[in-house]
Amino acid sequence: MRRLAGTRKVGHAGTLDPMATGVLVLGINKATRLLTYIVGTSKTYTATIRLGETTITDDAEGEVTEAISAAAVTDDAITTGVAALTGPIQQVPSSVSAIKVNGERSYARVRSGEEVKLAARPVTIHRFDIHAIKRVDGGRVVDVDVTVECSSGTYIRALARDLGNALGVGGHLTALRRTQVGPYSIDQARTLEQLAEELEVLEMSLAARALMPNRELSEEETTEISFGRRIAAGPGAGTPEAATADNPAAAFAPSGELVALLADSGTFAKPVLVFAPGTGQAK
């Protein structure tokens, strides 16, 4: 992307597992400043969970460490297991992950032969829908096609592992595709090959409009904010909907250009970030 965009200033809002496909949000030039607000948004995936086999990585990239026939696992049991993993849960991340343990990536420790136990962390599974249950190899393994919408930091591999463990047969992920990151869907995405033909990007103002609460500024407010000065607070000030430094509002000039990100503080709104005139892109 640096080569295609002709700039070194390219960042991302969260990588994918090696076997996964789908949406990867990139920021180019000034739009890299929006990425921190995209990282924490919810994600949606389509996936296939294989019940009856456990792997060291919790996905098809790793070797099978245990196989237990899933022939006795009923559709109702699978549905019940999925329901138990929906909503707020405590999830232990996959040990073969990029989480750091005493400064070293967990996957590096596992590959060196160390047994790594990571601490559980709270995540929320907003949606865990079953689309198909397919019995393979005489029922020895069962493939379950699902859609998962979840909070940032969720490991879909760990959901597959935990579903298999709850059913007593083990499980791992055989396919994973990220279809949405926050407001950005796979319909908006382009492959590297397509971008090499035409660098079609989402203009930064449009990216911010989709991501955050919007505030339309007057010409006078635009001038004040452009110089980093505060203006009157937004209509949500003093309520749970108030703009904050972590969840700011996107402020737009009368021309539609993104001017700044604002946080409410008492009766005033002050800039969290100010964008100089010009354009930036996010894709």
Side-chain angles (χ1 to χ4, degrees), residues 1 4 10-28 31 34-51 57-61 78-79 81-83 85-89 91 93-94 97-98 121 123-134 142-164 171-204 206-212 281-283:
M1 276 306 303
L4 294 178
V10 177
H12 66 78
T15 57
L16 288 161
D17 284 346
M19 67 167 271
T21 62
V23 178
L24 176 65
V25 178
L26 303 180
I28 301 171
L34 292 178
L35 294 175
T36 187
Y37 303 102
I38 299 172
V39 170
T41 59
S42 62
K43 317 291 191 298
T44 303
Y45 299 86
T46 58
T48 300
I49 297 169
R50 171 157 288 188
L51 302 173
T57 56
D58 299 327
D59 64 16
E61 296 281 294
I78 295 170
T79 300
V82 164
L85 290 169
T86 304
I89 63 172
Q91 183 184 72
S94 297
S97 65
R121 52 178 62 184
V123 299
T124 300
I125 310 304
H126 303 293
R127 181 162 60 99
F128 197 164
D129 296 338
I130 298 172
H131 301 298
I133 298 174
K134 297 170 285 188
V142 177
D143 287 344
V144 185
D145 294 335
V146 300
T147 294
V148 178
E149 181 185 350
C150 55
S151 62
S152 179
T154 301
Y155 282 81
I156 309 301
R157 286 183 285 145
L159 286 178
R161 175 202 66 205
D162 292 345
L163 177 62
H172 70 280
L173 215 56
T174 60
L176 182 64
R177 185 168 182 80
R178 188 158 65 192
T179 58
Q180 186 131 352
V181 175
Y184 313 116
S185 74
I186 201 162
D187 295 335
Q188 298 169 275
R190 300 292 180 268
T191 64
L192 281 173
E193 291 75 20
Q194 289 171 324
L195 292 171
E197 291 287 326
E198 179 186 2
L199 190 60
E200 182 184 355
V201 297
L202 183 63
E203 201 277 324
M204 186 169 69
L206 296 178
R209 278 192 183 278
L211 180 66
M212 301 168 175
Q281 297 86 28
K283 186 64 178 176

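Only a predicted model underlies this, so the values are computations on that prediction, with no experimental measurement involved. Along the sequence shown, residues are numbered consecutively beginning with 1.
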Show your working on side chain to side chain contact (heavy atoms under 4.5 Å, CB included) between L176 and R157 and close with a plain yes or no. CA-CA 9 Å; L176 182 64; R157 286 183 285 145; 5.6 Å; no

Distance, nearest 0.5 Å, that separates CG of D58 from CG of L173: 9.0 Å

Does a side-chain heavy-atom distance below 4.5 Å link I125 with L85? no

How long is the gap from CZ on R177 to CG on L16, to the nearest 0.5 Å? 10.0 Å

Drop me the distance from H12's NE2 to L26's CG, to the nearest 0.5 angstrom. 8.5 Å

Does the side chain to side chain contact (heavy atoms under 4.5 Å, CB included) test come out yes or no for Y45 and V146, once each step is laid out? CA-CA 8 Å; Y45 299 86; V146 300; over 6 Å; no

Minimal heavy-atom distance between L202 and Q188, with the atoms involved, is CD2-NE2, 4.2 Å

For K134, the option from D145, D143, T48 that meets side-chain hydrogen bond (donor to acceptor under 3.5 Å, both in side chains): D145

Rounded to the nearest 0.5 Å, what separation is found between the OG1 atom of T21 and the CZ atom of R178? 10.0 Å

Using every non-hydrogen atom in the two residues, find where Y184 and A210 come nearest and quote the distance to one decimal. CE2-CB, 4.2 Å

CD on Q194 to CG on L4, rounded to 0.5 Å: 12.0 Å

Heavy atoms of I28 and M1 approach each other most closely as CD1-CE, 3.9 Å

Minimum heavy-atom separation for A13 and I38, please, with both atom names. CB-CG2, 3.7 Å

Might you point out which heavy atoms bring R161 and P93 nearest each other, and give the distance in Å? NH1-O, 3.6 Å

At what distance, to the nearest 0.5 angstrom, does CD of E198 lie from CZ of R190? 8.5 Å

With a 3.5 Å distance limit and no angle check, can you tell me whether E61 reaches the backbone of M19 through a side-chain donor-acceptor pair? no

Closest non-hydrogen atoms of S185 and Q180, given as atom of the first, atom of the second and distance, are CB-OE1, 3.5 Å

Indicate yes or no for a side-chain donor-acceptor contact from Y37 to the backbone of A208 under 3.5 Å, with no hydrogens or angles considered. no

Kindly determine whether K43 and T154 satisfy side chain to side chain contact (heavy atoms under 4.5 Å, CB included), including the steps that lead there. CA-CA 9 Å; K43 317 291 191 298; T154 301; over 6 Å; no

For a side chain to side chain contact (heavy atoms under 4.5 Å, CB included) check, start with the C-alpha distance between T44 and R127, then their side-chain angles and the critical distance, and finish with the verdict. CA-CA 9 Å; T44 303; R127 181 162 60 99; 3.9 Å; yes

